[in-house]
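One structure below.
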There are 2 protein chains.
Amino acid sequence: MAKKIVLPPDAFLDVCPSRNVLARVGQKWTVLAMVALHAEPMRFGDVKRRLQGVSQKMLTQTLRAMERDGLVERRLYDERPLRAEYALSPLGRALLPLVAALKSWAEESLPAVEASNRAYDRKLARKHARVHGL
Amino acid sequence: MAKKIVLPPDAFLDVCPSRNVLARVGQKWTVLAMVALHAEPMRFGDVKRRLQGVSQKMLTQTLRAMERDGLVERRLYDERPLRAEYALSPLGRALLPLVAALKSWAEESLPAVEASNRAYDRKLARKHARVHGL
DNA sequence: TCAATTAGGTACCCGAAAGTAACCATATGG
DNA sequence: CCATATGGTTACTTTCGGGTACCTAATTGA
């Protein structure tokens, strides 16, 4: 039997499963949920209140997916009423600085991005007027 | 007229447009395209070959969106045949370290994530068997 | 003359992501 | 008795990201 050669993952290759990992971080609520959990474990309702506009279903779905990927740990306490706590796992804590930086970058760059959007749209409108008819 | 109070962007708020910025970075090909352009300007075809599996339409769409957001600059040279070069803008270069780290994290964490997936699925299967019927 | 390269654009379609609404159980407060 | 809170699940629907296929238009090589 020939020795199996193991290549390091490379997301540039279309067969590479690391693309899936990348895709999951790209889910709508994942980054925000991670940042919400940055400091201490939070209860479901607390996270929900933090992520304004998230529906119950989507938050459950997001947290479940993160749990499945090993980014968060879910602890369900058998109390009445129920109590569920979510905390970043070691893997999640390793990812946290990256996504937190991403969120911060998005907030800081918002003015620049919006200005660029407007400039692009104006340029496109001028071109359209020139070509299509003024 | 009352003085307008300007709050800093906060992606936790559901009205905050920074969420859109975050969403665009989460698009399937954006991160890979940015990393591909990390070193030097590249031509359309070069980027396409680098991002294995990307369709021509999606690459155009991705690069256009990035251009509109001010992440890349597109230079079209009037040569025969046409030549188009894409380069990271200053804004894009500021974002590059973050998305590059994200891509690296995805590649490095792939084994851990896959192991976590398997463990989670096994646990879920056991629970299903216990509840539904063995 | 035919094919391939350059860099796109457009029409059409599917499946996944996301949202809405309803339901469940248990418990406390009015 | 009803509303609230806890933490979900399920069904249904809609949106849209992403894909394939086919088109342009100019130029080069076989």
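In what follows, chains carry the letters A, B, and so on, assigned in the order in which the sequence lines appear, proteins first and then strands, with residues in each chain numbered from 1. Remember, predicted model here, so these are calculated numbers, not experimental data.
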Using atom [atom1] of [X] as one end and atom [atom2] of [N] as the other, report the distance to the nearest whole Å.
| X | N | atom1 | atom2 | answer |
| --- | --- | --- | --- | --- |
| B/Q56 | C/dT6 | CD | P | 11 Å |
| A/L59 | C/dT20 | CG | C1' | 16 Å |
| B/L51 | D/dG19 | CG | C1' | 16 Å |
| A/D78 | C/dA25 | CG | P | 17 Å |
| B/L32 | D/dG18 | CG | C1' | 15 Å |
| B/Q52 | D/dG18 | CD | P | 19 Å |
| A/E67 | D/dG7 | CD | P | 15 Å |
| B/N20 | D/dT15 | CG | P | 17 Å |

For a quick test of reading the model: is some side-chain N or O of [X] closer than 4.0 Å to OP1 or OP2 of [N]?
| X | N | result |
| --- | --- | --- |
| B/R43 | C/dA7 | yes |
| A/R49 | D/dA5 | no |
| A/R64 | D/dG8 | yes |

**Message:** How would you summarise protein contacts on nucleotides 12-19 of chain C per nucleotide, using B for base, S for sugar-phosphate only and - for none, with heavy-atom distances below 4.0 Å?
**Reply:** -----SBB

Rounded distance (nearest 0.5 Å) linking atom [atom1] of [X] with atom [atom2] of [Y]:
| X | Y | atom1 | atom2 | answer |
| --- | --- | --- | --- | --- |
| A/L91 | B/S109 | CG | OG | 5.0 Å |
| B/K103 | A/S18 | NZ | OG | 7.0 Å |
| B/L32 | B/Q52 | CG | CD | 11.0 Å |
| A/D121 | A/R126 | CG | CZ | 11.0 Å |
| B/R68 | A/R118 | CZ | CZ | 10.5 Å |
| A/L98 | B/W105 | CG | CH2 | 8.5 Å |

**Asked** How far apart are the C-alpha atoms of B/R19 and B/D14, what are their side-chain angles, what is the distance that settles it, and do they pass the salt bridge (Lys or Arg N to Asp or Glu O under 4.0 Å) test?
**Response** CA-CA 8 Å; B/R19 284 191 177 177; B/D14 58 353; 5.8 Å; no

**Request:** Might you work through the salt bridge (Lys or Arg N to Asp or Glu O under 4.0 Å) test for B/R43 and B/D46, ending with a clear yes or no?
**Result:** CA-CA 5 Å; B/R43 307 187 52 172; B/D46 295 330; 5.1 Å; no

**Request:** Using a 4.0 Å heavy-atom cut-off across all strands, classify A/R24 as base, sugar-phosphate, or nothing.
**Result:** nothing

**Asked** What is the nucleic acid contact for B/Y77, judged by heavy atoms within less than 4.0 Å: base, sugar-phosphate only, or nothing?
**Response** nothing

So which protein nitrogen or oxygen atoms get under 3.5 Å of nucleotides 24-30 of chain D's nitrogens or oxygens?
none

**Item:** Exam field: side chain A/S116 to backbone A/A112, donor-acceptor pair closer than 3.5 Å
**Value:** no

